[in-house]
Amino acid sequence: MPLVDLISLGVLTGSVPRDAVEGAIAKHGRQAKRGGGSLPPHVMMYYVSALALFADLDYEGVMRKMAEPMQRLGNWDPSWKLPTSGGITQARQRLGYEPVKELFERIAVPVSELLTPNAFRAGRRLVSIDGMVFDLPDTDANANEFGTPSGGAFPQARMVNITDV
């Protein structure tokens, strides 16, 4: 695994505290219903974020990227098997979007302060703008809600993010 991937995952887990993840899950009642599941809700919360870090990979590829550092560090149960794309989809559906939205609202704050050098120009905070397009499951509900791009075979959702410095 390239060093940049390890750094990305390290920044993700270091920047998103586990207690904030668990709090968002609990607030929406999405805790694990049984013990011993291979994809508990907290893992899926980090997984959803990792999907954005590794947008060029499929579901299983992203899960491999998350699992590889744990294998290298020896923090690994050798009996654990990489879940299938279908298993990952089911775990994401169980989690839902509400805890992810809650977590974002809890932790997404400006990182600069009034005295941070170069964070403000003309009395205004500098921001970054970024966007991406997510492919969605090809269902009538998704097509009605998000539309299908001209010439596209399935619905897509566009996300634009404006981030304060």
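- In terms of hydrophobic clustering, with Ile, Leu, Val, Met, Phe, Trp and Tyr side chains grouped at heavy-atom distances under 4.5 Å, L126 and F120 are assigned to different clusters.
- Cluster membership for V21 and F104, using ILVMFWY side-chain heavy atoms within less than 4.5 angstrom, is not shared.
- Pairs engaging residues 95-107 under the salt bridge (charged side-chain N to carboxylate O under 4.0 Å, His left out) rule: K27-E102, R30-E98, K101-E105, E102-R106 [sequence neighbours left out].
- At a threshold of 4.5 Å between side-chain heavy atoms, the hydrophobic network of Ile, Leu, Val, Met, Phe, Trp and Tyr places V100 and F146 in two separate groups.
- Apart from L115 itself, the hydrophobic cluster it occupies contains nothing, where clustering links Ile, Leu, Val, Met, Phe, Trp and Tyr at side-chain heavy-atom distances under 4.5 Å.
- Residues passing the side-chain hydrogen bond (donor to acceptor under 3.5 Å, both in side chains) test with E22, sequence neighbours excluded: R18.
- When hydrophobic clusters are built by joining Ile, Leu, Val, Met, Phe, Trp and Tyr residues whose side-chain heavy atoms come closer than 4.5 Å, directly or via intermediates, Y97 is not grouped with M44.
- In terms of the side-chain contact (heavy atoms from CB on, under 4.5 Å) criterion, residue partners of A143 (sequence neighbours excluded) are, by chain and number, T148, P155.
- Rounded to the nearest 0.5 Å, atoms CD1 (I25) and CG (L95) are 6.0 Å apart.
- In this structure Y47 satisfies the side-chain hydrogen bond (donor to acceptor under 3.5 Å, both in side chains) test with no other residue, sequence neighbours excluded.
- Qualifying side-chain contact (heavy atoms from CB on, under 4.5 Å) partners for P83, counting only residues two or more places apart in sequence or in other chains: L39, M63, W80, I88.
- For the side-chain hydrogen bond (donor to acceptor under 3.5 Å, both in side chains) test, no residue two or more places apart in sequence or in another chain qualifies with E60.
- With sequence neighbours excluded, no residue forms a side-chain contact (heavy atoms from CB on, under 4.5 Å) with R124.
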When the side chains of residues 129-141 are checked against the rest of the protein, which donor-acceptor pairs come out under 3.5 Å, sequence neighbours left out?
{"residue": "D135", "atom": "OD1", "partner": "Q156", "partner atom": "NE2", "Å": "2.8"}
{"residue": "T139", "atom": "OG1", "partner": "N142", "partner atom": "N", "Å": "3.1"}
{"residue": "T139", "atom": "OG1", "partner": "N142", "partner atom": "ND2", "Å": "3.4"}

- Message: Between Y59 and R92, does the side-chain contact (heavy atoms from CB on, under 4.5 Å) criterion hold? Intermediate values first, please.
- Response: CA-CA 11 Å; Y59 280 2; R92 285 187 67 200; 2.5 Å; yes
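- Partners of A20 by side-chain contact (heavy atoms from CB on, under 4.5 Å), not counting sequence neighbours, listed by chain and number: P17, L103, I107.
- Between the R125 side chain and the S112 main chain, a donor and an acceptor come within less than 3.5 Å of each other.
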